[in-house]
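What follows is a set of notes on a single structure, which appears directly below.
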Protein chains: 2
Amino acid sequence: MADINFANAPSDAAEARPAAPREGDLRWDIIELLFFAYRDFVADPDHELEAFGFGRAHHRVMHFVHRYPGLKVADLLDVLRITKQSLGRVLKQLLDEGYILQKTGNNDRRQRLLYATPKGEALVAKLAGLQTKRINQALADMGPAGAETVKHFLRAMIDRDDPDKVLEAIFAAGTASTKE
Amino acid sequence: MADINFANAPSDAAEARPAAPREGDLRWDIIELLFFAYRDFVADPDHELEAFGFGRAHHRVMHFVHRYPGLKVADLLDVLRITKQSLGRVLKQLLDEGYILQKTGNNDRRQRLLYATPKGEALVAKLAGLQTKRINQALADMGPAGAETVKHFLRAMIDRDDPDKVLEAIFAAGTASTKE
DNA sequence: AATTTATGTCAGCCATATTGACGTATCTTG
DNA sequence: CAAGATACGTCAATATGGCTGACATAAATT
């Protein structure tokens with residue numbers, strides 16, 4: 001139980017090590033790191049959300065509604081890439097429990113513009129706090145330039161074709177601040 | 001349809017913009033970028049896997065079995081953080097369809113050590129190719145130092161406490177090559 | 001007046017996750 | 001050797017969160 005071998009003995013050990021970064025070809029290491037990093041990154045909020053009877057979907061909705069106040073339901077669907085029915089369930093919960101409120105659009109009264117209530121703001125800030133702590137810790141021993149490199153990388157990982165409105169905003173901001 | 005406003009008119013537009021990076025406190029931007037980056041990062045393989053009748057879980061199993069040949073079932077459970085029952089189904093499929101094979105452990109014959117077959121290697125390489133393409137593109141305009149910064153960041157995002165065996169291997173390799 | 005759009009909702013299906021219990025082979029230990 | 005622990009597999013029941021398809025309503029557009 002205390003050894004690091006994946007198999008369990010010298011005879012197996014040779015082939016039980018990481019496949020070695022001999023391939024200059026494929027980015028196995030980064031693929032793997034992204035998996036673990038994201039796994040742990042969402043684990044913090046997930047744990048917290050359990051206490052509320054919410055899931056990851058609720059967090060995503062709260063996050064984007066907070067970040068883009070007045071977001072339309074249709075925009076939210078584009079961003080989350082889920083169906084109206086799936087969104088409907090979580091959105092209804094968040095409305096019923098007072099985390100989000102809807103306002104009828106001024107110009108187009110069919111629209112329901114979404115806003116986070118103070119209660120919703122509190123929740124989303126709490127969750128962002130957990131994730132921020134992890135991010136700050138990860139950025140700790142690399143200066144502001146390092147943080148910019150990371151942001152640049154993440155932005156470049158995102159599909160540019162057919163961006164939804166939230167992404168347009170991000171890229172617009174990103175372009176302006178790429179060298180900031 | 002061509003405007004960037006989230007709401008739809010001047011009267012709403014003011015509050016329908018990104019909440020502004022005024023907060024020096026919380027890392028909203030990186031939180032969001034991680035969401036989108038990961039979303040698109042897994043979308044490529046997900047799409048490909050559909051053709052095989054496989055899901056994301058199959059990909060993960062194939063990836064780790066490929067990377068750490070001779071992995072035990074118990075180790076896989078630790079890494080994926082799912083239950084034996086859930087793993088059982090996807091593993092059975094992969095075994096039945098010839099993507100993975102089991103060998104009884106030499107020393108402990110209770111163990112079933114997992115290996116990717118050539119067929120499995122082909123699949124996992126194909127999927128890694130898609131993800132590598134995206135990663136290389138994202139790293140394109142930043143030198144090797146940039147790639148190291150990114151790796152450093154991702155490693156630092158991962159929980160250190162209670163690492164499973166795969167993570168131990170990653171951190172061991174990472175420590176050695178942090179300045180490589 | 002007819003059509004399209006934005007939203008909501010009902011009904012049912014599927015994939016993937018869960019917990020709990022149990023069985024079997026095998027290793028370890030008293 | 002007998003007893004217990006371990007590695008793995010599997011059965012059953014359940015929950016969550018996606019999905020499709022169909023349909024309804026209100027409001028905008030043509």
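Every value quoted in this text rests on a predicted model; they were computed, and no experiment measured them. Numbered from 1 within each chain, the chains take letters A, B, ... in sequence-line order.
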Rounded to the Å, how far apart are B/R56 CZ and D/dC19 P? 11 Å
From the set D/dA27, C/dT7, D/dG9, return the single nucleotide nearest to any side-chain atom of A/V73. C/dT7
Starting at atom CD of B/E50, determine the distance to atom P of C/dT16, rounded to an integer number of angstrom. 11 Å
Reckon A/R110 has a side-chain N or O less than 4.0 Å from the OP1 or OP2 of D/dA28? no
Rounding to an integer number of Å, can you tell me how far A/H47 NE2 sits from C/dT18 C1'? 17 Å
Whole angstrom is fine here: how far is it from CG in B/L114 over to P in D/dC8? 8 Å
Do the ring centers of A/F64 and B/F35 come within less than 6.0 Å of each other? yes
Once you round it to whole Å, what is the distance between P of C/dC14 and CZ of B/F54? 19 Å
Run A/H59 and A/D46 through side-chain hydrogen bond (donor to acceptor under 3.5 Å, both in side chains) and show every step you take. CA-CA 8 Å; A/H59 183 194; A/D46 278 0; 5.8 Å; no
Distance flag, aromatic centroids of A/F41 and B/Y38, threshold under 6.0 Å: no
Rounded distance (Å) that lies between atom C1' of C/dT24 and atom CG of B/D108: 14 Å
Verify the neighbour count for atom NZ of B/K133: are there more than 12 heavy atoms of other residues, nucleotides or ligands below 6.0 Å? no
In whole angstrom, give the distance that lies between atom CZ of A/R112 and atom P of C/dT5. 18 Å
Toward the 5' end of DNA chain D, by each residue's nearest nucleotide, A/R60 or A/R109: A/R60
Looking only at side-chain atoms of A/Q111, point me to the closest of C/dT7, D/dA7, D/dG9. C/dT7
What parts of residues 81-101 of chain B reach DNA chain C, counting only heavy atoms under 4.0 Å away? B/R81, B/I82, B/T83, B/Q85, B/S86, B/R89
Any B/Q102 side-chain N or O less than 4.0 Å from OP1/OP2 of D/dG9: yes
Among A/L76, A/V79, A/V166, which one satisfies side-chain contact (heavy atoms from CB on, under 4.5 Å) with A/Y68? A/V166
Evaluate the side-chain proximity of B/L34 to A/L154: yes if any heavy-atom separation is below 4.5 Å, no if none is. yes
What is the distance, to the nearest angstrom, from the CG atom on B/D78 to the C1' atom on D/dT6? 14 Å
Looking only at atom types and distance, does a side-chain atom of B/T149 sit under 3.5 Å from a main-chain N or O of A/G146, one as donor and one as acceptor? no
